[in-house]
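Please read the structure below before turning to the comments.
We name chains A, B, ... by the order of the sequence lines, and we start the count at 1 in each one.
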Protein chains: 2
Amino acid sequence: MTASANPGQRATIYSVADAAGVSIATVSRVFQGTSTVAETTRERVLSAADELNYMPLGAARSLAVSRHELLGLVLPELGGPYYSELLMGFESRASELGLGVIVVVTEGKPDPTRAIRQLMSRVDAVAVLGSDLDDAGLAQLATAKPLLSLAGAPGGAVPSMTAENVASAEELTRHLLDHGRRSLLFLGDPDAGADIAGRYAGFSAAHEAHGLVVPEPVRIGLQESDGAAFAAAYLTGQHSADALVCANDELALAVLAHLQDHGITVPDEVAVVGWDDVMAARYVRPALTTVRQPVHDLGALASERLHEHLGATTRSSASHDILPTQVVIRSSCGCTTSPPERHLP
Amino acid sequence: MTASANPGQRATIYSVADAAGVSIATVSRVFQGTSTVAETTRERVLSAADELNYMPLGAARSLAVSRHELLGLVLPELGGPYYSELLMGFESRASELGLGVIVVVTEGKPDPTRAIRQLMSRVDAVAVLGSDLDDAGLAQLATAKPLLSLAGAPGGAVPSMTAENVASAEELTRHLLDHGRRSLLFLGDPDAGADIAGRYAGFSAAHEAHGLVVPEPVRIGLQESDGAAFAAAYLTGQHSADALVCANDELALAVLAHLQDHGITVPDEVAVVGWDDVMAARYVRPALTTVRQPVHDLGALASERLHEHLGATTRSSASHDILPTQVVIRSSCGCTTSPPERHLP
DNA sequence: CTGTTAGCGCATTCAT
DNA sequence: ATGAATGCGCTAACAG
């Protein structure tokens, strides 16, 4: 065991310099690799450091270089694969860039804005998803540090990045329409978020392209319980439809299961489609037709964009990136009953 | 808009003190609430700070108080609901305790140990899950900062916290045995992790209690693809069993789907059970019998325990907490076909 | 190649 | 109730 008894305190750059018989500058150099150090002294420093189990203090370094080397990620919650994927992409790329990531989940927090402000005092830049802050609020925060709005409304004052919603929603809806479905219902509240608004916009566009009146959205939440409630209402005949376009897979799965439990056959009597391509989507029968989003890439690109902004002295004009999505046709739309694909997540 | 034009630089405690006509000590006091300040000056400081959009620099504060007010969480990956739940619990409680959290995902990282060491230089304490570090490696890291091993082998040199595995595995297995199944197979590699080892131990114990020989484990991975491969092998008759105890739900779901796709009826011909109670577990048909773990609580307790250790000067002897789990009986074990419950995740 | 020195921004005694 | 001064541990000129 190399770590010798530590005399109560953790080693600092001074103790290492002492032990190695060099100055702190040299110690700093061998650890930063910032300048060339004689091989012999280098080894002496390294072994001294190892002996003392030395580890540079992040805070001190941050203060000196006036950079935290930390990115912040603000998420509304962490349920479902969406946010996890995003976080993975974000963390992965950040790590490659030599940056750590602090995550804060706003759901259930008394004062999200305060939490975000506090976060911003310890990171170099922040990506924010959801967290019902209006554009003005974001813009305010963005004055302090680079800030990127994720899956929000593009075109605001702050830079944003989001997956494509309108076109894929239109494609999905058209698919249903093309196969003879005529009474579609959109499940989800367009006011609940920019992404849902976009999906409803595409839903509407497809209807208009077909010369059909656009059905009002069924404004419900995205939880399983909301799907259950809708299904119950549907069974009583409160709604009439031959296709249900659900704002996400959670909702679609809940609706699907409840309908089937009560003898409705999907897709024969009614088609059900969703969004996100969660794992369960390919395991249920009929397998769920849905829209796959490049969530991992979204996260990775976000930390990359943030990293770019760190170097730049002048903040360039707000960029608004839109990543392409992919409609995944399976069986729940009534389109195919061929053996479902099996692939890794 | 209160934020006045910032002269290029971000406000510091000095600029605020200047603007308010006080010393930096006073500014610090009003922000820390550490001492009583005259109401009038207090207001002056606050308005000056607001004017300048002042925000104390985390690194400087950390350096001064020699505390990061940050916890680290090391996860092998983020797929599935398990890690997300854990992270949510961890972050949630940490936040309540006034601590932020840095997460690092080891999967795909060239040098996980280095990443962890780097992490430890910016946090006050760390919880580690998986990351194939042996107990010695963990112990080594634990000399620097409080460290908690999650879902690892209890009893090591470092404090640990894990969900109960053995007893629930035994219960689950006994359940199968009691209902007449006699040829069970354990799918998963006990050497791949302490939790899987525990599950196999329970599986074994149940067999022994019934006076049966313990089948060798089928040592496969936990991915969908592993389940697919096993199912293919099973279909060719390479394995014979009337019940498959899968080390997690991913595996169970993949096996279930593949078997069904090829005409095997579950649970009639063969029962399939898993672990984790992922969302898909209640949506597939037959609904999956599985074991629910208190993952959220695990995370919350972890940050709580870590927080406790921060205050303590003397490191108390390594604690080993084991949280109870719950066997969730559904249909895939052949036990019931009653309408499955529907509840929030 | 290596040592000296001056901050980085804040919390915190110790005076007043 | 407030100010002055010191130090936290490290990096980065600047000398040598």
Side-chain angles (χ1 to χ4, degrees), chain A residues 6 8-46 48-49 52-70 98 118 120-124 144-145, chain B residues 6 8-46 48-49 52-70 98 118 120-124 144-145:
Chain A
N6 53 351
Q9 295 305 309
R10 49 174 280 121
T12 74
I13 198 173
Y14 288 97
S15 44
V16 174
D18 259 21
V22 298
S23 79
I24 61 169
T26 300
V27 177
S28 178
R29 286 184 187 110
V30 342
F31 271 82
Q32 299 309 316
T34 154
S35 170
T36 155
V37 177
E39 187 53 29
T40 58
T41 58
R42 169 191 181 71
E43 281 170 7
R44 231 166 352 123
V45 169
L46 249 22
L52 273 53
N53 202 280
Y54 169 66
M55 192 184 301
L57 187 67
R61 175 182 161 77
S62 294
L63 185 55
V65 301
S66 60
R67 223 168 343 101
H68 295 277
E69 294 171 324
L70 237 30
Q118 185 174 343
M120 294 189 79
S121 74
R122 17 186 44 151
V123 299
D124 298 317
K145 304 252 172 104
Chain B
N6 52 350
Q9 295 306 311
R10 46 173 283 120
T12 73
I13 198 173
Y14 289 98
S15 44
V16 174
D18 259 21
V22 297
S23 77
I24 63 167
T26 300
V27 176
S28 177
R29 287 183 186 111
V30 342
F31 271 82
Q32 299 309 317
T34 154
S35 169
T36 156
V37 177
E39 187 53 28
T40 59
T41 59
R42 170 190 181 70
E43 281 170 7
R44 238 173 339 133
V45 169
L46 250 21
L52 273 53
N53 202 281
Y54 170 66
M55 192 183 302
L57 187 67
R61 175 181 162 78
S62 294
L63 185 55
V65 301
S66 60
R67 222 168 343 102
H68 295 278
E69 294 171 324
L70 236 30
Q118 186 174 343
M120 294 189 78
S121 74
R122 17 185 44 151
V123 299
D124 298 317
K145 304 250 171 108

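Thr12(A) and Tyr54(A) get closest at one heavy-atom pair: C-CE1, 3.5 Å. Nearest approach of Arg122(B) to Gln118(B), heavy atoms of both residues: CG-O, 3.4 Å. When all heavy atoms of Ala60(B) and Leu63(A) are compared, the closest pair comes out as CB-CD1, 3.8 Å.
An OP1 or OP2 oxygen of dG3(D) is reached within less than 4.0 angstrom by a side-chain nitrogen or oxygen of Ser23(B). A sub-4.0 Å separation between OP1 or OP2 of dT2(D) and a side-chain N or O of Thr41(B) is present.
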Legend entry - side chain to side chain contact (heavy atoms under 4.5 Å, CB included) assessment of Thr41(A) paired with Arg44(A): CA-CA 5 Å; Thr41(A) 58; Arg44(A) 231 166 352 123; 3.0 Å; yes
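Taking Ala20(B) as the reference, Val22(B), Val45(B), Ala48(B) meet the side-chain contact (heavy atoms from CB on, under 4.5 Å) condition, with sequence neighbours excluded. Annotation: side-chain contact (heavy atoms from CB on, under 4.5 Å) contacts of Ser121(B) (sequence neighbours excluded): Met55(A). Looking at residues two or more places apart in sequence or on another chain, you find a salt bridge (charged side-chain N to carboxylate O under 4.0 Å, His left out) between Arg67(B) and Glu69(B).
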Would you mind writing out the side-chain donor-acceptor pairs for residues 23-39 of chain B within the sub-3.5 Å range, not counting sequence neighbours?
{"residue": "Ser23(B)", "atom": "OG", "partner": "Ala25(B)", "partner atom": "N", "Å": "3.3"}
{"residue": "Gln32(B)", "atom": "OE1", "partner": "Arg61(B)", "partner atom": "NH1", "Å": "2.9"}

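Residue Ser66(A) is classed as having no contact, given no heavy-atom separation below 4.0 Å to the nucleic acid.
Between the P atom of dA1(D) and the CZ atom of Arg42(B) lies a distance of 13 Å, rounded to the nearest Å.
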Inset, instruction - If a protein heavy atom is under 4.0 Å from the base, mark B; if only from the sugar-phosphate, S; if neither, -; do that for nucleotides 11-16 of chain D going 5' to 3'. - result: BBBB--
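Rounding to the nearest 0.5 Å gives a distance of 8.0 Å between CG of Leu57(B) and OG of Ser62(A). Distance check, rounded to the nearest 0.5 Å: CG of Asp18(B) to CG of Leu52(B) gives 9.5 Å.
Think of the region where chain A sits on DNA chain C: with heavy atoms and a 4.0 Å cut, that region ends 5' and 3' at dC1(C) to dG9(C).
Axis angle, first five pairs versus last five pairs of the helix from dC1(C)-dG16(D) to dT16(C)-dA1(D): 30°, rounded to 10°.
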